[in-house]
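Have a look at the structure below, then the notes.
Below, each value reflects all heavy atoms present in this structure, side chains not excepted, and no hydrogens, waters or symmetry copies. Note that the structure is predicted; figures quoted are calculated from it, not measured.
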Amino acid sequence: MSQKIFLSATWEHLVMMNYEVDPAILQQHLPPYTTVDLFKGKALVSVVGFLFNNTKVFGIRWPFHTNFEEVNLRYYLKHFDGEKWKRGVGFVSEIVPKPIISVIANTLYNEHYSTAKMNHKIITTDDDLSVTYNWKTRQTGWNSLSVQAANNAKPIKTGSEEEFIFEHYFGYNGLNKSTTIEYGVEHPRWQVYPVKSFQLQCDVAKLYGPEFVPFIENVTPHSVFLAKGSDVIIRKPVYIKSQNKVGLKIV
C-alpha cells in the first residue's frame, strides 16, 4: 500500500550534468542497507538544476513558496527490500532559495538542504531552448549551471543513459547508523531535449567537498541532459530498520 502524498509539484526544465566518480567516495554518503547503483559499471553523480512550480504540501499552497529553483548534487543507489531491488537517489547537497523549505525537508526526511540566493533564466525560440540556474552562497559567491538545446523534446530510449539517470523512483537518506528513510517519487516517463552546449561554473570543493573536485571541476561531463519535466508527487516517508524490514514513519 502506497504512503499518502506529502508533496505535489510540477518539476520543469531539469538540467542534469553527469560525472563519473570513484565509487569509493560515495561510501561515506550511502544510507544503511543501500549500495551504489552503477551504469554499465560506472558510478555517476549529477549536478542538477530544476524548477519547482505549483508546489503543494499536504495539498496546501504556501504563499510565496509555490515556485522556486533547486540545485543539487545527487548520486544513484539501490535497496533490496527482500523481493526486488528499488532504484533511487541520495543527495550530497540540495540548495533552495526558501529557508522554510530547507527546515521542513531536513526535519521530516533528514535531507541535506541549505538556503541560498537563487535565480534562473529560460529563453525559448522555435528552434532553441536555453536554461540557466544561478545560486550564491557566502562561501562561494555566484555559481551557475546552463545548457542550450534544440527545442524538440523526444522520448527517452529504453536502455539508454537518459533512462538510468531519470528513472529512479525512490529517495533515500540515512537517519542514523541503523535506520534509513525511504520515500517514493512518482512521475510519468519524461521527454528530453537534444543538448547542444553546456557550462558549469561552481566551487566544487566548498559546495560538495574536496573529494569531488578531481571528478567534476574543469572536467568534461560523462553526459548532459535536459528534461522537459512533469507533475510529480512525493510520498510520505517510511523507516527501513534492517535489510528487509520496513516500518511506517508517522508525520
Side-chain angles (χ1 to χ4, degrees), residues 11 13-31 34-51 69-78 87-96 111-114 116 118 120 130-137 139-149 156-157 159-173 185 190 192-227 229:
W11 288 357
H13 296 108
L14 297 100
V15 177
M16 301 273 186
M17 290 193 182
N18 312 303
Y19 297 84
E20 183 180 358
V21 301
D22 182 344
I25 72 171
L26 299 178
Q27 293 303 313
Q28 64 177 313
H29 300 283
L30 282 174
T34 67
T35 187
V36 176
D37 194 7
L38 303 176
F39 176 72
K40 295 184 177 179
K42 298 178 180 180
L44 300 176
V45 300
S46 301
V47 181
V48 182
F50 67 105
L51 295 178
E69 304 88 355
E70 177 173 328
V71 173
N72 64 58
L73 178 66
R74 77 180 198 176
Y75 59 96
Y76 302 90
L77 48 74
K78 56 186 179 180
R87 300 175 63 225
V89 298
F91 296 93
V92 176
S93 167
E94 299 161 274
I95 299 173
V96 291
E111 293 279 11
H112 303 86
Y113 273 94
S114 60
M118 304 183 75
H120 69 277
S130 174
V131 179
T132 300
Y133 295 100
N134 301 300
W135 68 104
K136 182 181 182 182
T137 73
Q139 296 79 14
T140 67
W142 281 104
N143 308 273
S144 68
L145 171 71
S146 63
V147 298
Q148 293 74 45
I156 292 174
K157 295 181 180 178
S160 65
E161 187 171 348
E162 290 96 331
E163 182 180 61
F164 175 84
I165 292 295
F166 290 113
E167 302 293 299
H168 282 75
Y169 290 103
F170 291 91
Y172 292 95
N173 293 304
V185 180
W190 287 332
V192 291
Y193 299 95
V195 172
K196 296 180 177 181
S197 61
F198 52 85
Q199 186 175 45
L200 174 65
Q201 293 182 318
C202 72
D203 190 322
V204 174
K206 292 180 180 178
L207 287 168
Y208 309 129
E211 67 272 22
F212 289 99
V213 171
F215 304 101
I216 298 177
E217 195 161 288
N218 300 318
V219 175
T220 300
H222 188 269
S223 58
V224 180
F225 304 134
L226 173 60

To the nearest 0.5 Å, atom CG of Leu200 lies from atom CG of Asn143 at 8.0 Å
So CD of Gln201 and OG1 of Thr132: to nearest 0.5 Å the spacing works out to 10.0 Å
Exercise for the section: Consider only side-chain N and O atoms of Glu70 and Tyr113, and report whether a donor and an acceptor are under 3.5 Å apart. Expected result: yes
Assess, by modelled atom type and distance only, whether the side chains of Glu20 and His222 contain a donor and an acceptor separated by less than 3.5 Å.
no
**Asked** Checking side-chain contact (heavy atoms from CB on, under 4.5 Å) for the pair Phe164/Leu44: CA distance, chi angles, key distance, verdict?
**Response** CA-CA 10 Å; Phe164 175 84; Leu44 300 176; 4.2 Å; yes
What one should report as the nearest heavy-atom pair of Lys136 and Ala116 is O-CB, 3.2 Å
For Ser144 and Asn134 the tightest heavy-atom approach is CB-OD1, 3.1 Å
Scanning both residues in full, the closest heavy-atom pair of Tyr172 with Gly88 reads CE1-CA, 4.1 Å
task: For the residue pair Val96 and Glu69, establish whether any side-chain heavy-atom pair is separated by less than 4.5 Å.
output: no
Using atom types as modelled and distance alone, determine if a side-chain donor or acceptor of His112 lies under 3.5 Å from a backbone N or O of Val92.
-> no
Do Met17 and Val147 make a side-chain contact, defined as non-hydrogen atoms from C-beta onward lying under 4.5 Å apart? yes
Notebook entry, point to check: Donor-acceptor pair, Asp37 side chain versus Lys78 backbone, under 3.5 Å?
Noted result: no
### Query
Would Val192 and Leu226 satisfy side-chain contact (heavy atoms from CB on, under 4.5 Å), going step by step from the backbone distance to the final call?
CA-CA 6 Å; Val192 291; Leu226 173 60; over 6 Å; no
- Give a yes or no answer on whether the side chain of Glu167 reaches the backbone of Glu163 with a donor-acceptor pair at less than 3.5 Å. no
On a heavy-atom basis, the closest approach of Tyr193 and Ala149 is CB-CB, 3.8 Å
Do Phe91 and Leu73 come close enough that some side-chain heavy atom pair is under 4.5 Å? no
When rounded to the nearest 0.5 Å, the distance separating NZ of Lys206 from OG of Ser93 is 15.0 Å
Could you verify whether a donor N or O on one side chain and an acceptor N or O on the other, from Glu111 and Asn173, lie under 3.5 Å apart? yes
Next item on the list: Determine whether Phe170 and Val89 make a side-chain contact, defined as any pair of heavy atoms from C-beta on separated by less than 4.5 Å.
Entry: no
Are Glu161 and Lys40 close enough that some pair of their side-chain heavy atoms sits under 4.5 Å apart? no
Would you mind reporting whether Phe225 and Ser46 have side-chain heavy atoms less than 4.5 Å apart? no
| request: Could you please spell out the steps behind the side-chain contact (heavy atoms from CB on, under 4.5 Å) verdict for Val45 and Leu26? | output: CA-CA 9 Å; Val45 300; Leu26 299 178; 3.9 Å; yes
Assess the residue pair Tyr76 and His168 against the criterion (ring pair (Phe, Tyr, Trp, His ring centres under 6.0 Å)); give the C-alpha distance rounded to whole Å, side-chain angles, the decisive distance to 0.1 Å, and a yes or no.
CA-CA 8 Å; Tyr76 302 90; His168 282 75; 5.0 Å; yes
Item to complete: Measure up the Tyr133 and His120 rings against each other and bin them: parallel (under 30°), tilted (30 to 60°), perpendicular (over 60°).
Response: tilted
Thr140 and Asp203 have their tightest heavy-atom pair at CG2-CB, 3.7 Å
With a 4.5 Å cut-off on side-chain heavy atoms, are Tyr75 and His29 touching?
yes
Give the table of side-chain donor-acceptor pairs shorter than 3.5 Å for residues 213-221, with sequence neighbours excluded, one pair per line with atom names and distance.
unit_1	atom_1	unit_2	atom_2	d
Glu217	OE1	Val204	N	3.4

*asked:* With a 4.5 Å cut-off on side-chain heavy atoms, are Gln148 and Val195 touching?
replied: no
What do the steps show when you test Phe212 against Leu207 for side-chain contact (heavy atoms from CB on, under 4.5 Å), and what is the final call?
CA-CA 10 Å; Phe212 289 99; Leu207 287 168; over 6 Å; no
Here the pair of heavy atoms bringing Ser160 nearest to Ile156 is OG-CG2, 3.7 Å
